[in-house]
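Here's the structure we're looking at; comments come further down.
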Amino acid sequence: MKETPSPFPLPDVAILRKALFEAKLKKRHGLRQASIIEKLRVLEEMRDFTAALRGHREANKARVRSAWARK
Amino acid sequence: MLATLRAIKVINQLRDEGIISKYAIGGAVGAVFYIEPAQTQDIDVFIHLEAKAGSLLVSTGPITDRLRELGYTRWSEDRLVVEGWPVQFLPAGKLIEGEAIEAAVEMPLEGGVSAWVPPAEYLMAMAIDLGRPKDLLRLSQFHLERAYDPEKLKSLLERYDLVPKWERISALFESAGDE
């Protein structure tokens with residue numbers, strides 16, 4: 001069976017961790033005083049980040065399923 | 001212009017065209033106007049929706065039809081995606097939701113775009129009423145950031161018989177300790 005190609009490029013785990021850390025840092029130290037526009041921008045970043053993670057997880061699941069099917 | 005502003009602009013267009021009447025943005029996007037941003041995947045828009053004469057069911061058909069005409073044809077589960085945001089139109093089924101729409105205030109943003117958002121106390125009361133884990137998280141943020149008027153919240157909760165529920169929830173925050 002052919003491997004299902006992922007619709008999302010697989011992000012490097014270190015990059016994801018860094019982004020998550022930065023988001024947490026930003027959240028903790030900067031956003032209480034941020035403007036609404038800045039907060040909406042962060043909201044969009046968080047949404048896209050979660051979507052990428054979800055895509056990454058789904059792609060992994062598909063790969064595992066496909067590997068099992070080949071056995 | 002930010003995608004969220006473009007999405008709000010489309011919602012305002014629906015209102016200006018009479019497809020919907022006054023609306024109120026709730027959920028995490030509404031809460032951003034008062035507290036720090038929290039993870040969300042959609043924009044919740046509370047609207048008044050009346051059933052057609054002779055029908056017991058309300059329909060969001062006219063909204064989705066108009067959005068399709070405007071070129072928004074992609075769905076994310078049961079929500080049409082508008083400018084990158086799945087938008088959920090929620091007919092106000094509870095009295096407090098209807099009142100939140102009426103109490104919504106205009107929040108000017110950028111480029112002449114404004115959003116209509118309920119006062120913080122209404123967002124909190126609706127979260128207390130629902131009481132899901134994500135609502136408790138949002139309530140804890142309102143509590144930690146002191147982003148509401150306790151007197152206004154109290155009078156709202158008394159009217160909707162939500163005081164005992166809020167006392168249980170706020171006791172959790174107290175026992176967990178503030179920042």
Side-chain angles (χ1 to χ4, degrees), chain A residues 1-70, chain B residues 1-9 11 25-44 74 76-77 79 81-88 105-117 120 134 137-138 140-148 178-179:
Chain A
M1 189 184 276
K2 250 184 116 178
E3 194 170 310
T4 317
S6 164
F8 293 91
L10 290 182
D12 184 277
V13 173
I15 293 173
L16 283 179
R17 282 201 181 128
K18 185 170 175 284
L20 195 59
F21 176 73
E22 281 174 358
K24 275 185 183 165
L25 205 66
K26 225 191 306 185
K27 193 173 178 221
R28 185 149 294 276
H29 294 294
L31 288 176
R32 284 193 185 179
Q33 307 305 323
S35 70
I36 298 292
I37 296 296
E38 180 58 27
K39 289 202 273 186
L40 290 175
R41 186 170 288 120
V42 172
L43 206 62
E44 288 183 14
E45 280 174 24
M46 287 160 94
R47 178 202 60 192
D48 295 343
F49 182 70
T50 313
L53 274 182
R54 189 172 295 150
H56 181 50
R57 200 166 53 223
E58 291 304 318
N60 267 343
K61 271 192 211 164
R63 258 191 290 278
V64 170
R65 272 194 221 106
S66 140
W68 273 104
R70 275 201 303 273
Chain B
M1 187 186 272
L2 212 58
T4 313
L5 296 190
R6 295 200 304 272
I8 291 170
K9 205 173 168 185
I11 296 165
I25 296 180
V29 178
V32 149
F33 288 82
Y34 304 102
I35 55 174
E36 293 174 0
Q39 156 56 29
T40 188
Q41 290 301 308
D42 59 12
I43 301 179
D44 293 333
R74 192 162 69 84
S76 171
E77 294 171 16
R79 291 136 221 202
V81 178
V82 179
E83 300 294 336
W85 278 106
V87 178
Q88 186 167 35
V105 289
E106 186 176 9
M107 299 281 200
L109 295 164
E110 240 180 34
V113 179
S114 290
W116 288 82
V117 182
K134 65 179 180 179
L137 277 174
R138 195 170 302 143
S140 74
Q141 274 189 283
F142 274 104
H143 178 73
L144 285 172
E145 297 181 37
R146 309 275 186 264
Y148 65 101
D178 286 0
E179 261 182 346

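Since the structure is predicted, the reported quantities are computational estimates derived from the model, not experimental observations. Because only heavy atoms are used, hydrogens play no part in the values below, and waters and symmetry mates are left out as well, while side chains stay in. We name chains A, B, ... by the order of the sequence lines, and we start the count at 1 in each one.
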Query raised in the report: What heavy-atom pair brings A:Lys39 and B:Ile35 nearest, and what distance separates the two atoms?
Result: NZ-O, 3.0 Å
Requested in this report: Give, for atom CG of B:Leu2 and atom CZ of A:Arg41, the distance between the pair rounded to the nearest 0.5 Å.
Outcome: 5.5 Å
Requested in this report: For residues B:Pro37 and A:Leu43, report the shortest heavy-atom separation together with the two atoms involved.
Outcome: CB-CD1, 3.8 Å
Query raised in the report: Heavy-atom distance under 4.5 Å between the side chains of B:Gln39 and A:Phe49, does that happen here?
Result: no
Report task. Check whether any side-chain heavy atom of A:Val42 sits under 4.5 Å from a side-chain heavy atom of B:Val32, and report yes or no. Result -> no
Report task. Please report the closest heavy-atom contact between A:Ile36 and B:Phe33, naming both atoms and the distance. Result -> CD1-CA, 3.5 Å
